[in-house]
Protein chains: 2
Amino acid sequence: MSSESLTSERILDTAEGVLRRHGIAKTTVVDVARALGVSHGSIYRHFPTKVSLHDAVAARWLARVADPLADIAHEDGPADERLRRWLRTLAEAKRRKVLDDPELFHTYHTLAEQARGVVDEHVRELTDQLTRIIRDGAAQGRYRVASPEAAARGVFDATVRFHHPAHSREWGHPGVDADFDVVVTMIQSALAASGAEGGERESGV
Amino acid sequence: MSSESLTSERILDTAEGVLRRHGIAKTTVVDVARALGVSHGSIYRHFPTKVSLHDAVAARWLARVADPLADIAHEDGPADERLRRWLRTLAEAKRRKVLDDPELFHTYHTLAEQARGVVDEHVRELTDQLTRIIRDGAAQGRYRVASPEAAARGVFDATVRFHHPAHSREWGHPGVDADFDVVVTMIQSALAASGAEGGERESGV
DNA sequence: GTGCTGACAAAAATCAAAATCTGTCATTTG
DNA sequence: CAAATGACAGATTTTGATTTTTGTCAGCAC
């Protein structure tokens, strides 16, 4: 128990386990300390408040979502295939999480809800990845966009129903896969065609 | 007070007012009855449960959103202009509601949250309107889509961040207008170009 | 001295008793 | 007799007293 020294990492590992078992509402700092075999005062040496501990747990959870996506963003295959795969991987990861363990997903969702700053950073990271893919697509001559950053944000926004936890209730419904495909195909179509960002050249007449 | 006879309409009008003033949590059937100057038993003559009363209020609220949109859907101008205006009207209506009276908006959101069936019907109505516009666009030769229904659903989904209450917190942020324009432009672009629905003809490659 | 403890005050959560509300229905009213 | 009432049982919410938790910090231990 007291063999290893008490690090932030170790606290986070344990906190995650306790959170997983008890849910967010019933987890206290004292619980986490007890699970570690230390006094709760020690935890405040590593995290100034309980909320900051929650934020850190949320950040790790979000990182586990973002990491596999980063790989896709940094490959150098055809951008359109990577974009589709990136979006599907994101949606699929989220979907699996809810369907596998709704309880735990709800815990993390609540956690993330409160950790506004952490989520903002996460979204920035994801849109940066999208920007990279779209920029690659432009370099490859597959996409034609005025602003890759704006287009990336647009892609992220347009797919919000398939990755934002607020819509998780619908992810189990029968039609979602088809809905997802429609939206992704629209996105591909838009990026491949004229400017995906408010340039002067309006599509259609 | 007791001059008019007690109709469902009159109950709904009053319920809406009480809800507006007290919020959903603090509004009881007794409150509504008191505001009407009748006994609460009378209300159960028109609505079987408190929930059904809530549903009816939610339905009226949603109808007030859908009605102006129906006008746009039934015009016969150029579809792309109507689509853009339809989407902006929807987003703008929602946005005004939150910014004007967040308290009241929250009340209605909670109401709608619970009135699942009512919301489903509302969404069906809206996507039907979109289908009509897109079908018109196809007839006008402006849009090329394999399935107007699927495309309509795609358009609705892709703009979810701008009209779904779960995202209302962001509607006050500075960048949203630009974000909205990007997404709408992408949509126009996709509809104007190749099939907006999973046909065999993939965009790109 | 660095890292941890545990007692403490203030804040928040819990619990059970009391009050209120929902939904029913036999009775009253017009 | 159609429409409304109000007393009632069971469910839910409120209230306020009690317990638990958070976050601090003086001091202990290594």
Side-chain angles (χ1 to χ4, degrees), chain A residues 1-59 103 106-107 110-111 113-118, chain B residues 1-59 103 106-107 110-111 113-118:
Chain A
M1 278 206 191
S2 51
S3 54
E4 300 273 347
S5 79
L6 188 62
T7 63
S8 297
E9 275 306 300
R10 222 154 73 76
I11 292 173
L12 285 178
D13 289 340
T14 307
E16 214 169 309
V18 178
L19 241 12
R20 198 185 303 277
R21 259 170 282 126
H22 298 0
I24 190 164
K26 313 231 125 209
T27 299
T28 71
V29 176
V30 175
D31 289 336
V32 177
R34 190 165 28 234
L36 279 160
V38 300
S39 81
H40 77 279
S42 307
I43 289 182
Y44 283 94
R45 179 157 291 286
H46 295 266
F47 298 94
T49 64
K50 184 169 94 151
V51 167
S52 76
L53 176 60
H54 284 173
D55 285 3
V57 173
E103 187 74 27
H106 178 258
T107 296
T110 312
L111 226 55
E113 192 87 317
Q114 290 156 0
R116 271 286 114 210
V118 174
Chain B
M1 284 211 189
S2 53
S3 55
E4 300 273 347
S5 80
L6 188 61
T7 63
S8 298
E9 274 306 300
R10 221 155 74 76
I11 292 172
L12 284 178
D13 288 342
T14 307
E16 215 169 309
V18 177
L19 239 13
R20 198 184 304 278
R21 259 170 283 125
H22 297 3
I24 191 164
K26 314 232 125 208
T27 299
T28 71
V29 176
V30 175
D31 288 336
V32 177
R34 189 164 28 233
L36 279 160
V38 301
S39 84
H40 77 279
S42 307
I43 290 182
Y44 283 93
R45 178 158 291 287
H46 296 266
F47 297 94
T49 65
K50 185 170 94 150
V51 168
S52 76
L53 176 59
H54 284 173
D55 284 3
V57 173
E103 188 73 28
H106 178 258
T107 295
T110 311
L111 226 56
E113 193 86 318
Q114 290 158 1
R116 270 289 112 206
V118 174

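In what follows, chains carry the letters A, B, and so on, assigned in the order in which the sequence lines appear, proteins first and then strands, with residues in each chain numbered from 1.
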Checklist outcome for this item: note: A/Arg34, atom CZ; D/dT22, atom P; distance rounded to Å ~ 11 Å

Checklist entry - Which sits closer to the 5' end of DNA chain C, A/Lys26 or B/Asp31, going by the nucleotide each is nearest to? => result A/Lys26

Checklist entry - Just checking B/Val30: base, sugar-phosphate only, or nothing, at a heavy-atom cut-off of under 4.0 Å? => result base

Item to check | Backbone of A/Leu6 reached by a side-chain donor or acceptor of A/His46 within 3.5 Å | outcome: yes

Checklist outcome for this item: Here the distance between atom P of C/dC21 and atom CD1 of B/Ile24, to the nearest Å, is 16 Å

Next on the checklist: Exactly one of B/His106, B/Glu113, B/His54 should register a side chain to side chain contact (heavy atoms under 4.5 Å, CB included) with B/Ile24. Which one does?
Outcome noted: B/His54

Checklist entry - Side chain of A/Ser42, backbone of A/Val38: donor and acceptor closer than 3.5 Å? => result no

Checklist entry - Rounded to the nearest 0.5 Å, how far does NZ of A/Lys50 lie from CG of A/Asp55? => result 12.0 Å

Checklist entry - Are the side chain of B/Asp31 and the backbone N or O of B/Thr28 linked by a donor-acceptor pair below 3.5 Å? => result yes

Item to check | Interface with DNA chain D, restricted to residues 40-56 of chain B and to heavy atoms under 4.0 Å | outcome: B/His40, B/Gly41, B/Ser42, B/Arg45

Item to check | CG-CD distance between A/Leu12 and A/Glu9, expressed to the nearest 0.5 angstrom | outcome: 6.0 Å

Checklist outcome for this item: From CD1 of B/Ile11 across to C1' of D/dA3 the rounded distance in Å is 12 Å

